[in-house]
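Letters A, B, ... mirror the listed sequences (proteins, then strands); counts begin at 1. Keep in mind that the numbers below use all heavy atoms, side chains included, and drop hydrogens, waters and symmetry copies.
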2 protein chains.
Amino acid sequence: MSAARLRIAASVPSIGGAFTAEDLHEVVSAGDGPGIGVATVYRAVAAMTAAGSLAAVGARDGSTLYALCTGGEHHHHLVCTGCGTVVGIGCPIDGALRRSAEEAGYTVTSHEVTLYGLCRDCSGKRA
Amino acid sequence: MSAARLRIAASVPSIGGAFTAEDLHEVVSAGDGPGIGVATVYRAVAAMTAAGSLAAVGARDGSTLYALCTGGEHHHHLVCTGCGTVVGIGCPIDGALRRSAEEAGYTVTSHEVTLYGLCRDCSGKRA
DNA sequence: GTAGGTGCAAAGGATTTGCTTAAAC
DNA sequence: GTTTAAGCAAATCCTTTGCACCTAC
(Lines give C-alpha, C1' and ligand atoms only; values in the text may rest on other atoms or scores of the structure.)
Protein backbone atom coordinates (compact mmCIF):
# COMPACT_ATOMS: atom_id res chain seq x y z
CA MET A 1 0.00 0.00 0.00
CA SER A 2 1.29 3.41 -0.91
CA ALA A 3 2.02 6.28 1.42
CA ALA A 4 -0.94 8.26 0.15
CA ARG A 5 -3.37 5.41 0.78
CA LEU A 6 -1.94 4.87 4.22
CA ARG A 7 -2.53 8.48 5.11
CA ILE A 8 -6.04 8.34 3.73
CA ALA A 9 -6.84 5.13 5.58
CA ALA A 10 -5.44 6.64 8.76
CA SER A 11 -7.57 9.75 8.38
CA VAL A 12 -10.85 7.94 8.04
CA PRO A 13 -11.22 6.86 11.68
CA SER A 14 -10.40 10.36 12.88
CA ILE A 15 -13.56 11.67 11.27
CA GLY A 16 -15.63 9.43 13.46
CA GLY A 17 -18.67 9.06 11.28
CA ALA A 18 -20.06 9.54 7.83
CA PHE A 19 -18.14 11.77 5.47
CA THR A 20 -18.10 12.87 1.88
CA ALA A 21 -15.13 12.56 -0.43
CA GLU A 22 -14.62 16.27 -0.04
CA ASP A 23 -14.57 15.98 3.75
CA LEU A 24 -12.00 13.26 3.56
CA HIS A 25 -9.85 15.19 1.15
CA GLU A 26 -9.95 18.14 3.49
CA VAL A 27 -8.89 16.08 6.50
CA VAL A 28 -6.14 14.33 4.61
CA SER A 29 -4.84 17.60 3.21
CA ALA A 30 -4.93 19.24 6.63
CA GLY A 31 -2.24 16.87 7.85
CA ASP A 32 1.44 17.42 7.36
CA GLY A 33 3.42 16.45 4.31
CA PRO A 34 2.75 17.14 0.67
CA GLY A 35 -0.75 17.61 -0.67
CA ILE A 36 -2.86 14.70 -1.78
CA GLY A 37 -4.93 15.12 -4.88
CA VAL A 38 -8.68 14.81 -5.00
CA ALA A 39 -8.39 12.06 -7.57
CA THR A 40 -6.26 10.02 -5.22
CA VAL A 41 -8.88 10.31 -2.52
CA TYR A 42 -11.59 9.17 -4.89
CA ARG A 43 -9.46 6.28 -6.09
CA ALA A 44 -8.68 5.26 -2.53
CA VAL A 45 -12.31 5.45 -1.50
CA ALA A 46 -13.27 3.30 -4.47
CA ALA A 47 -10.62 0.76 -3.56
CA MET A 48 -11.63 0.67 0.09
CA THR A 49 -15.28 0.36 -0.82
CA ALA A 50 -14.48 -2.51 -3.13
CA ALA A 51 -12.44 -4.09 -0.35
CA GLY A 52 -15.33 -3.76 2.07
CA SER A 53 -13.71 -1.47 4.58
CA LEU A 54 -15.82 1.50 3.52
CA ALA A 55 -19.47 1.64 2.59
CA ALA A 56 -21.67 4.21 0.94
CA VAL A 57 -24.29 5.22 3.48
CA GLY A 58 -26.46 7.66 1.59
CA ALA A 59 -25.95 11.12 0.23
CA ARG A 60 -25.80 14.70 1.41
CA ASP A 61 -26.32 17.64 -0.92
CA GLY A 62 -25.71 15.53 -3.95
CA SER A 63 -22.46 14.03 -2.79
CA THR A 64 -22.07 10.48 -1.59
CA LEU A 65 -21.64 9.78 2.10
CA TYR A 66 -19.19 7.07 3.12
CA ALA A 67 -18.50 5.48 6.45
CA LEU A 68 -16.07 3.06 7.99
CA CYS A 69 -17.45 -0.42 7.77
CA THR A 70 -16.41 -3.56 9.53
CA GLY A 71 -15.62 -5.90 6.70
CA GLY A 72 -17.33 -8.69 8.59
CA GLU A 73 -20.70 -10.24 8.11
CA HIS A 74 -23.60 -8.81 6.20
CA HIS A 75 -25.14 -5.76 7.81
CA HIS A 76 -26.46 -2.28 7.15
CA HIS A 77 -26.00 1.17 8.61
CA LEU A 78 -27.85 3.58 10.82
CA VAL A 79 -26.66 7.14 10.32
CA CYS A 80 -27.22 9.98 12.76
CA THR A 81 -28.44 12.91 10.72
CA GLY A 82 -27.20 15.23 13.44
CA CYS A 83 -23.55 14.35 13.86
CA GLY A 84 -22.93 11.70 11.25
CA THR A 85 -22.04 8.85 13.58
CA VAL A 86 -22.80 5.46 12.14
CA VAL A 87 -23.63 2.14 13.73
CA GLY A 88 -24.11 -1.21 12.10
CA ILE A 89 -27.48 -2.91 12.19
CA GLY A 90 -28.65 -6.36 11.27
CA CYS A 91 -30.22 -7.08 7.93
CA PRO A 92 -34.01 -6.95 8.02
CA ILE A 93 -34.44 -8.67 4.65
CA ASP A 94 -35.58 -11.97 6.00
CA GLY A 95 -36.91 -15.13 4.47
CA ALA A 96 -40.52 -14.01 4.48
CA LEU A 97 -39.85 -10.89 2.46
CA ARG A 98 -37.65 -12.76 0.05
CA ARG A 99 -40.29 -15.43 -0.34
CA SER A 100 -43.01 -12.89 -1.09
CA ALA A 101 -40.75 -11.36 -3.71
CA GLU A 102 -40.30 -14.75 -5.28
CA GLU A 103 -44.03 -15.26 -5.32
CA ALA A 104 -44.22 -12.09 -7.39
CA GLY A 105 -41.80 -13.74 -9.81
CA TYR A 106 -38.71 -11.88 -8.72
CA THR A 107 -35.33 -13.26 -7.79
CA VAL A 108 -33.73 -10.86 -5.36
CA THR A 109 -30.07 -10.38 -6.13
CA SER A 110 -29.12 -7.46 -3.93
CA HIS A 111 -30.57 -4.83 -1.68
CA GLU A 112 -29.80 -1.57 0.01
CA VAL A 113 -30.97 -0.63 3.46
CA THR A 114 -30.06 2.53 5.30
CA LEU A 115 -31.67 3.97 8.39
CA TYR A 116 -31.47 7.58 9.44
CA GLY A 117 -32.08 8.92 12.89
CA LEU A 118 -30.63 10.76 15.83
CA CYS A 119 -28.11 9.38 18.26
CA ARG A 120 -28.54 9.82 22.01
CA ASP A 121 -26.51 13.01 22.11
CA CYS A 122 -28.19 14.68 19.19
CA SER A 123 -31.56 13.55 20.41
CA GLY A 124 -30.86 15.13 23.77
CA LYS A 125 -29.62 18.39 22.32
CA ARG A 126 -32.73 18.67 20.30
CA ALA A 127 -35.12 18.21 23.20
CA MET B 1 -51.74 21.64 -13.51
CA SER B 2 -50.01 22.93 -16.60
CA ALA B 3 -49.94 21.34 -20.02
CA ALA B 4 -46.27 20.45 -19.69
CA ARG B 5 -46.81 18.68 -16.38
CA LEU B 6 -49.78 16.86 -17.79
CA ARG B 7 -47.71 15.57 -20.68
CA ILE B 8 -44.94 14.56 -18.34
CA ALA B 9 -47.32 12.80 -15.98
CA ALA B 10 -48.91 11.04 -18.93
CA SER B 11 -45.55 9.87 -20.22
CA VAL B 12 -44.44 8.25 -17.00
CA PRO B 13 -46.73 5.22 -17.14
CA SER B 14 -45.78 4.57 -20.76
CA ILE B 15 -42.23 3.84 -19.69
CA GLY B 16 -43.45 0.99 -17.58
CA GLY B 17 -40.67 0.89 -15.03
CA ALA B 18 -37.75 2.75 -13.58
CA PHE B 19 -36.39 5.65 -15.56
CA THR B 20 -33.89 8.44 -15.32
CA ALA B 21 -34.69 12.10 -15.79
CA GLU B 22 -32.99 11.88 -19.14
CA ASP B 23 -35.17 8.93 -20.18
CA LEU B 24 -38.25 10.83 -19.22
CA HIS B 25 -37.18 13.93 -21.06
CA GLU B 26 -36.57 11.84 -24.14
CA VAL B 27 -39.99 10.21 -24.01
CA VAL B 28 -41.75 13.49 -23.36
CA SER B 29 -39.89 15.21 -26.16
CA ALA B 30 -40.63 12.34 -28.55
CA GLY B 31 -44.34 13.15 -28.38
CA ASP B 32 -46.00 15.74 -30.51
CA GLY B 33 -46.21 19.44 -29.75
CA PRO B 34 -43.49 21.86 -28.76
CA GLY B 35 -40.35 20.77 -26.97
CA ILE B 36 -40.24 20.50 -23.22
CA GLY B 37 -37.10 21.69 -21.48
CA VAL B 38 -34.94 19.53 -19.29
CA ALA B 39 -35.45 21.90 -16.39
CA THR B 40 -39.19 21.46 -16.65
CA VAL B 41 -38.81 17.71 -16.44
CA TYR B 42 -36.62 18.00 -13.37
CA ARG B 43 -39.04 20.41 -11.74
CA ALA B 44 -41.96 18.13 -12.52
CA VAL B 45 -40.13 15.10 -11.16
CA ALA B 46 -39.30 16.98 -7.97
CA ALA B 47 -42.91 18.03 -7.58
CA MET B 48 -44.22 14.53 -8.19
CA THR B 49 -41.68 13.05 -5.82
CA ALA B 50 -42.70 15.52 -3.14
CA ALA B 51 -46.33 14.66 -3.83
CA GLY B 52 -45.59 10.97 -3.43
CA SER B 53 -46.55 9.85 -6.92
CA LEU B 54 -42.93 9.23 -7.87
CA ALA B 55 -40.12 7.72 -5.85
CA ALA B 56 -36.38 7.53 -6.27
CA VAL B 57 -35.45 3.88 -6.60
CA GLY B 58 -31.71 3.91 -6.84
CA ALA B 59 -29.23 5.11 -9.40
CA ARG B 60 -27.78 4.06 -12.72
CA ASP B 61 -24.53 5.46 -14.08
CA GLY B 62 -24.62 8.35 -11.67
CA SER B 63 -28.11 9.46 -12.54
CA THR B 64 -31.09 8.94 -10.27
CA LEU B 65 -33.67 6.31 -11.12
CA TYR B 66 -37.32 7.14 -10.51
CA ALA B 67 -40.41 5.03 -10.67
CA LEU B 68 -44.13 5.45 -10.47
CA CYS B 69 -45.28 5.00 -6.92
CA THR B 70 -48.73 4.44 -5.53
CA GLY B 71 -49.15 7.29 -3.12
CA GLY B 72 -50.79 4.92 -0.67
CA GLU B 73 -49.42 3.33 2.42
CA HIS B 74 -45.80 2.99 3.38
CA HIS B 75 -43.86 0.58 1.21
CA HIS B 76 -40.62 0.12 -0.69
CA HIS B 77 -39.57 -0.98 -4.14
CA LEU B 78 -38.13 -4.00 -5.86
CA VAL B 79 -36.49 -3.09 -9.13
CA CYS B 80 -35.70 -5.53 -11.92
CA THR B 81 -32.14 -4.85 -12.99
CA GLY B 82 -32.92 -6.40 -16.35
CA CYS B 83 -35.90 -4.47 -17.63
CA GLY B 84 -36.51 -1.86 -14.97
CA THR B 85 -39.95 -2.97 -13.91
CA VAL B 86 -40.78 -2.09 -10.33
CA VAL B 87 -43.08 -3.66 -7.80
CA GLY B 88 -43.95 -2.45 -4.35
CA ILE B 89 -42.96 -4.47 -1.32
CA GLY B 90 -43.85 -4.24 2.33
CA CYS B 91 -41.61 -2.49 4.80
CA PRO B 92 -39.23 -4.84 6.59
CA ILE B 93 -38.27 -2.32 9.27
CA ASP B 94 -40.26 -3.88 12.04
CA GLY B 95 -40.55 -3.27 15.73
CA ALA B 96 -37.64 -5.52 16.66
CA LEU B 97 -35.16 -3.67 14.49
CA ARG B 98 -36.43 -0.32 15.64
CA ARG B 99 -36.20 -1.42 19.24
CA SER B 100 -32.63 -2.60 18.85
CA ALA B 101 -31.76 0.76 17.33
CA GLU B 102 -33.30 2.48 20.30
CA GLU B 103 -31.28 0.31 22.62
CA ALA B 104 -28.21 1.68 20.87
CA GLY B 105 -29.48 5.15 21.73
CA TYR B 106 -30.81 6.00 18.31
CA THR B 107 -34.19 7.36 17.37
CA VAL B 108 -34.95 6.24 13.86
CA THR B 109 -36.53 9.01 11.84
CA SER B 110 -36.46 7.65 8.32
CA HIS B 111 -35.12 4.83 6.26
CA GLU B 112 -34.50 3.72 2.72
CA VAL B 113 -34.97 0.21 1.48
CA THR B 114 -34.58 -0.89 -2.11
CA LEU B 115 -34.31 -4.41 -3.45
CA TYR B 116 -32.82 -5.35 -6.79
CA GLY B 117 -33.40 -8.53 -8.66
CA LEU B 118 -34.73 -10.09 -11.81
CA CYS B 119 -38.35 -10.42 -12.76
CA ARG B 120 -39.75 -13.66 -14.10
CA ASP B 121 -39.15 -12.73 -17.72
CA CYS B 122 -35.60 -11.52 -17.26
CA SER B 123 -34.83 -14.47 -15.05
CA GLY B 124 -36.06 -16.81 -17.77
CA LYS B 125 -34.12 -15.11 -20.55
CA ARG B 126 -31.02 -15.42 -18.55
CA ALA B 127 -31.32 -19.14 -17.95
C1' DG C 1 12.58 -2.87 -15.86
C1' DT C 2 7.98 -2.95 -15.26
C1' DA C 3 3.57 -2.31 -13.11
C1' DG C 4 0.85 0.34 -10.35
C1' DG C 5 -0.04 4.72 -7.99
C1' DT C 6 0.08 9.81 -7.69
C1' DG C 7 -0.85 14.71 -8.80
C1' DC C 8 -2.55 18.11 -11.50
C1' DA C 9 -5.79 19.81 -14.45
C1' DA C 10 -9.21 19.26 -17.70
C1' DA C 11 -13.25 16.75 -19.18
C1' DG C 12 -17.70 14.77 -18.50
C1' DG C 13 -22.33 14.55 -16.91
C1' DA C 14 -26.26 15.33 -14.01
C1' DT C 15 -28.85 18.67 -11.90
C1' DT C 16 -30.02 23.45 -10.63
C1' DT C 17 -30.78 28.32 -11.26
C1' DG C 18 -31.66 33.04 -13.56
C1' DC C 19 -34.29 35.47 -16.28
C1' DT C 20 -37.69 36.51 -19.67
C1' DT C 21 -41.94 35.14 -21.71
C1' DA C 22 -46.35 32.79 -21.78
C1' DA C 23 -50.36 31.00 -19.58
C1' DA C 24 -53.89 30.32 -15.88
C1' DC C 25 -57.14 32.02 -12.29
C1' DG D 1 -53.72 41.76 -13.13
C1' DT D 2 -51.06 38.87 -10.66
C1' DT D 3 -49.00 34.66 -9.70
C1' DT D 4 -47.16 30.45 -11.18
C1' DA D 5 -44.67 27.74 -14.37
C1' DA D 6 -42.10 27.05 -18.89
C1' DG D 7 -38.24 27.38 -21.80
C1' DC D 8 -33.69 28.18 -22.87
C1' DA D 9 -29.08 28.59 -21.67
C1' DA D 10 -25.47 29.18 -18.56
C1' DA D 11 -23.58 27.78 -14.27
C1' DT D 12 -22.44 24.67 -10.65
C1' DC D 13 -21.09 20.74 -8.50
C1' DC D 14 -19.40 15.98 -8.00
C1' DT D 15 -16.75 12.63 -10.01
C1' DT D 16 -13.80 10.53 -13.49
C1' DT D 17 -10.05 10.43 -16.74
C1' DG D 18 -5.54 11.53 -19.38
C1' DC D 19 -1.03 11.95 -18.96
C1' DA D 20 3.64 12.44 -17.30
C1' DC D 21 6.37 11.28 -13.37
C1' DC D 22 7.72 8.66 -9.51
C1' DT D 23 8.03 4.58 -6.40
C1' DA D 24 8.30 -0.11 -5.17
C1' DC D 25 9.36 -4.74 -6.21
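- B:I89 CD1 to B:H76 NE2: the interatomic distance, rounded to the nearest 0.5 Å, is 7.0 Å.
- One interatomic measurement links the two molecules: CZ of A:F19 to C1' of D:dC14, which rounds to 16 Å at whole-angstrom precision.
- No option in B:L54, B:L65, B:V86 other than B:L54 meets the side chain to side chain contact (heavy atoms under 4.5 Å, CB included) test with B:F19.
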When you compare the protein's N or O atoms with those of nucleotides 15-17 of chain C, which come within less than 3.5 Å of each other, and at what distance?
residue : atom : partner : partner atom : Å
C:dT15  : OP1  : B:T64   : N            : 3.0
C:dT15  : OP1  : B:T64   : OG1          : 3.1
C:dT15  : OP2  : B:Y42   : OH           : 2.4
C:dT15  : O5'  : B:Y42   : OH           : 3.3

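- Atom CD1 of B:I36 is separated from atom P of D:dA6 by 8 Å (rounded to the nearest Å).
- Taking atom NE2 on A:H25 and atom P on C:dA9, their separation rounds to 12 Å, with Å as the unit.
- D:dT15 atom P lies 11 Å from atom CZ of A:R60, rounded to whole Å.
- Between A:D94 and A:R99 there is no salt bridge, since none of the side-chain N atoms of the basic residue sits less than 4.0 Å from a carboxylate O of the acidic one.
- Taking atom CG on B:L24 and atom P on C:dA14, their separation rounds to 14 Å, with Å as the unit.
- Distance, A:R7 CZ to C:dT6 P: 11 Å, rounded to whole Å.
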Please evaluate residues A:S100 and A:Y106 with respect to the criterion side chain to side chain donor-acceptor pair (under 3.5 Å), reporting the C-alpha separation (whole Å), side-chain torsions for both, the decisive distance (0.1 Å), and the verdict.
CA-CA 9 Å; A:S100 73; A:Y106 280 75; over 6 Å; no
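- Crowding of A:E22 atom CD: a count of heavy atoms from other residues, nucleotides or ligands under 6.0 Å not exceeding 12.
- A:R5 places its CZ atom 9 Å from the C1' atom of C:dG4, with the value rounded to the nearest Å.
- Here A:I8 contributes atom CD1 and A:T40 contributes atom OG1; the two are 6.0 Å apart, rounded to the nearest 0.5 Å.
- Atom CD of A:E26 is separated from atom C1' of D:dC14 by 15 Å (rounded to the nearest Å).
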